[in-house]
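Inspection log for the structure reproduced underneath, given as structure tokens.
Letters go in sequence order (proteins before strands), and every chain restarts at 1. What you see below is based on every heavy atom in this structure, not just the backbone, and it leaves out hydrogens, waters and symmetry mates.
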Amino acid sequence: MSEQKRDRFDPSIEAKWREFWAKEGIFNAGRRPNAPHRYILEMFPYPSGDLHIGHLKNYVIGDVLTRFYVSRGYDVMHPFGWDAFGLPAENAAIKRGINPADWTNANIQESKNSLNIAGIMYDWSTELATCKPDYYKWTQWLFQLLYTRGLAYRAKSLVNWDPVDQTVLANEQVDSEGRSWRSGAKVEKRELEQWYFKITAYAERLLQDLDKLTDWPEQVKTMQRNWIGKSEGAEVTFTCDAGDLVVFTTRPDTLWGATFMVLAPEHPYVAQLTAANKKAEVDAYIAKAKLTKEIDRTSTAREKSGVFLGSYATNPVNGAQIPIWIADYVLMGYGTGAIMAVPAHDERDFAFARQFGLDIVVVVQPDGQQLNGQTMTEAWPGEGSMVNSDPLNGIPAGKGDGQSVKAAIKWLESHGKGKGTITYRLRDWLISRQRYWGAPIPMLHLEDGSIVPDPRLPIELPQVEDYLPKGKSPLAAATNWVNTVDPVSGKPAKRDTDTMDTFVDSSWYFLRFADAQNADEIFAKEKINRWMPVHQYIGGIEHAILHLLYSRFITKVLYDEGLVPNDEPFDALFTQGMVQRRVRTAVVHSSAGIEFPEELRRKIELPAGVVGVDAARTALKQHGYTLEGDAIQGFEAVSGPVTMSKSAGNGIPVGPFVRQYGSDVARIVVLFAAPPENSMEWTDEGVAGAQRFLNRIMALFMTERDAVAAHVPGSVTTATIADHERDLWRALHIAIRKISQDTDAFRFNTAIAAMMELLNEVQRYRSEHAVGAAYYEVAHTFTRLLSPFAPHLAEELYAAFGGNGSVYDAGWPAWDEAALLVSEIEVVVQVNSKVRGRIMVPAAADAAQIEEWARNSPRIRELIGDATIRKVIIVPGKLVNFVV
RNA sequence: GCCGGAGUGGCGGAAUGGCAGACGCGAUGGUCUCAAAAACCAUUGAGGGCAACUUCAUGUGGGUUCGACUCCCACCUCCGGCACCA
């Protein structure tokens with residue numbers, strides 16, 4: 001390459017600015033104690049070592065906002081920490097014999113270094129790691145607080161067991177296919193005694209308060225609503241030989257149509273209610289149900305199965321004797337594990353009744369129809385009038401006031417047969433884990449079986465020889481640690497050997513940042529009151545339920561204790577999209593057709609077997625995949641977007657990229673390619689485009705650096721600007737407005753587009769004029785507009801143009817409304833709403849004048865001819881529309 | 001099945017009642033160069049026309065309006081969540 005001297009963006013400038021920001025503490029909280037404050041937080045990560053570009057997007061968004069707010073004069077807290085407990089450290093310890101703490105610390109250093117060289121600035125003075133005793137001391141304190149308030153309890157029940165990670169899991173941590181969120185293994189069910197947090201006590205508030213979160217994505221709120229799963233109805237008490245049999249139903253009004261009952265196979269009454277001659281059949285069914293559950297009980301279209309127990313229950317409303325069955329479509333974990341079956345008005349009950357020939361009694365008659373239990377072909381869950389239901393007959397069926405459901409509940413309550421009630425799908429949060437690398441549960445088990453809190457916090461993790469999970473916690477092997485004395489009673493005691501779910505660690509970390517160094521209390525009141533709630537939280541949608549639901553719960557508990565000022569932790573939530581990168585997959589093309597790899601075919605549901613070329617192309621395109629090559633030559637590959645990750649092997653490590661191209665380039669690529677909430681595809685072309693953008697800035701401004709530096713910013717105004725510079729001046733103020741508004745609204749892609757437009761205007765100006773005052777003002781202002789997006793270059797330009805200190809102390813530019821005005825504006829002239837011309841009019845012209853000019857423009861006159869103008873619509877400053 | 005989100009050029013996307021496609025990518029032509037790269041200039045939704053110009057076009061079909069990507073109704077497709085939840 002010939003050494004032509006050209007101003008280009010040079011990544012080697014970046015390091016000195018990072019040192020400068022850190023040394024000056026530009027992004028430290030408390031730097032402007034009297035200014036309005038902002039708490040900006042990204043979800044803290046597990047320290048996985050070297051970061052790739054995909055990890056970066058989350059942090060870049062937080063960094064842009066931080067810089068934007070600092071520029072605008074706020075006192076910003078932008079802290080960072082590490083969700084450092086968890087299995088990878090333990091697995092490394094098992095595989096390589098490294099101490100999990102050492103391994104974690106090394107990873108933290110590496111991850112931190114990646115963030116630093118990427119130019120993501122945090123206030124590291126409040127850095128925390130959940131695996132450090134000075135942090136988990138307070139996680140344990142929190143556990144004991146919940147215990148004291150009756151919100152942490154121990155119970156035996158059927159729990160999710162991850163056979164790969166060898167530990168139990170909470171419901172939230174198992175997906176709808178029954179797989180562990182971490183290992184991906186199908187979970188098994190085991191009956192175990194474990195610790196729970198009573199999140200169900202807060203179900204109603206967790207649901208109701210979603211309405212307060214107006215700055216949360218609708219999608220996240222919907223997911224939480226679904227997860228909490230509120231359902232209103234009634235509990236009705238049936239009687240049987242084993243005692244009272246309580247069922248939950250959302251349709252107590254159809255109770256008169258209940259013709260049988262179904263219990264979950266695990267229901268405690270089953271043994272008692274099983275007739276002697278049915279025992280063998282029932283036992284076989286229960287055994288089969290157990291197996292089915294473990295393998296796959298999610299398929300909804302399965303044929304109904306069940307067994308009659310041989311005994312009967314009494315319907316409390318009419319004394320009818322109805323048969324009791326067991327069936328696996330009734331779940332022990334929801335409601336009471338028993339249902340009344342109303343086949344006429346419930347799809348599932350209908351299918352069951354038809355299959356086993358059970359009675360069907362209609363109690364809701366739709367208008368204009370005569371349903372008959374013998375002949376109906378499907379259940380009628382809809383509206384109508386109540387029939388065959390003595391006290392309710394004639395009442396319209398429905399959940400509203402004056403309708404059947406409310407009437408039925410009233411009747412049940414007044415007759416002592418049941419009561420209105422609410423059921424939630426949400427289960428209590430199982431927090432015990434049979435693993436080593438977590439916060440020990442700070443409880444003591446005494447010899448008499450009682451369990452008491454251990455006040456000697458923190459209960460530190462002991463050293464162990466063997467981290468291998470064996471179905472019980474590795475801590476159990478540390479006998480010196482396990483065997484202790486209860487300091488309160490002086491009695492011998494054993495420590496709890498389980499550790500806490502790492503989601504407990506992360507459910508309160510955002511609170512600790514307010515006062516991370518406090519050794520005496522979880523945080524000081526005046527500090528938490530200053531900083532909470534988090535103004536802007538940023539993270540991935542994958543935590544829509546898990547972390548975000550747990551954090552809301554813990555915050556509400558602490559709010560009820562009077563420890564935090566707000567009962568919701570995160571004012572605004574932003575969920576960023578993933579970074580993807582195209583991955584090529586080889587395909588085979590023969591005369592018979594195209595053969596795709598099985599994995600790809602499954603993933604995007606390509607039809608099995610040979611696929612036609614066009615069909616394949618269309619099917620692939622719908623999922624963002626492209627068939628490469630052409631039909632004549634045969635296809636070499638399919639390429640498609642895949643989320644950047646270590647496991648997919650398509651992650652671009654931060655270090656080498658930043659050294660070669662600069663972190664400013666990486667930031668522009670990520671921010672410009674798509675709106676931040678969308679997933680974006682990282683491409684070489686995108687990198688080239690970002691480089692071009694930064695190079696153009698250099699070329700357009702750095703060439704004149706001395707003249708720009710000699711110009712005093714603000715020395716020209718809208719009133720004094722030269723006529724030939726008005727267009728550029730106006731473009732500048734349009735850009736200031738757009739970039740300010742867009743950045744505030746997370747529209748970083750259009751904010752960057754506005755900078756590009758301004759550059760285009762500068763280029764046009766420079767091709768026509770010698771540079772002058774407006775140009776110098778643009779150069780000075782541009783450094784500040786650029787500072788949230790390409791911070792290193794912004795500082796470099798700011799310094800080159802004679803700025804003192806940091807660009808972030810120079811203030812955010814304001815636009816001048818007067819500069820946006822123009823003397824002449826273009827008005828679109830329409831005839832019958834079709835654009836037929838445009839005229840230039842003085843900006844101050846009134847509507848009548850504009851109409852006159854429009855009507856008299858030659859082309860419009862010609863089009864209208866002698867037709868009658870029926871209506872004229874004038875939108876000031878925009879258009880005139882003649883309707884003929 | 002229920003709930004939520006989304007469908008716009010070759011691609012990412014812009015426009016939230018008023019000129020559809022800002023900005024960028026890609027592509028084509030040009031300038032510079034021995035040549036290439038870089039950079040710069042021009043063109044770039046589809047069709048028709050020598051041209052002025054014109055027709056069509058924002059998933060589909062209706063509606064409201066002088067005017068609809070935008071609002072309303074119905075439907076289709078995709079993405080996400082929940083789901084034999086009583």
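At least one side-chain nitrogen or oxygen of A/Asn678 sits closer than 4.0 Å to the OP1 or OP2 atom of B/G13. When the side-chain nitrogen and oxygen atoms of A/Arg836 are compared with OP1 and OP2 of B/C53, none of them lie within a distance under 4.0 Å.
Comparing B/C23, B/A86, B/C85 by their nearest atom to the side chain of A/Arg425 picks out B/C85. If you check B/G12, B/C84, B/C85 against the side chain of A/Tyr334, the one that comes closest is B/C85. With B/C84, B/G26, B/C19 as the candidates, the nucleotide lying closest to the side chain of A/Glu826 is B/C19. The listed nucleotides are B/C82, B/C19, B/G24; the one nearest the side chain of A/Arg696 is B/G24.
With ring centers used as reference points, A/Phe352 lies under 6.0 Å from A/Phe260.
Looking at A/Arg354 and A/Thr377, their side chains never bring a donor and an acceptor atom within 3.5 Å of each other.
In this pair, A/Phe782 and A/Phe701 present their aromatic rings tilted. The plane angle is within the 30 to 60° band.
When heavy atoms are screened at a 4.0 angstrom cut-off, A/Pro675 is found touching the sugar-phosphate backbone but no base atom.
Of the possible polar contacts, none joining the A/Thr743 side chain to the A/Ser740 backbone as a donor-acceptor pair under 3.5 Å is found.
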Nucleotide-level pairing of RNA chain B, given in dot-bracket where Watson-Crick and G-U pairs need both distances under 3.5 Å and | marks other strands: (((((((..(((.....[....)))((((((.......))))))((((....))))..(((((..]....))))))))))))....
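A heavy-atom distance below 4.0 Å to RNA chain B is reached by these residues of residues 749-756 of chain A, ordered by number: A/Asn749, A/Thr750, A/Ala753, A/Met756.
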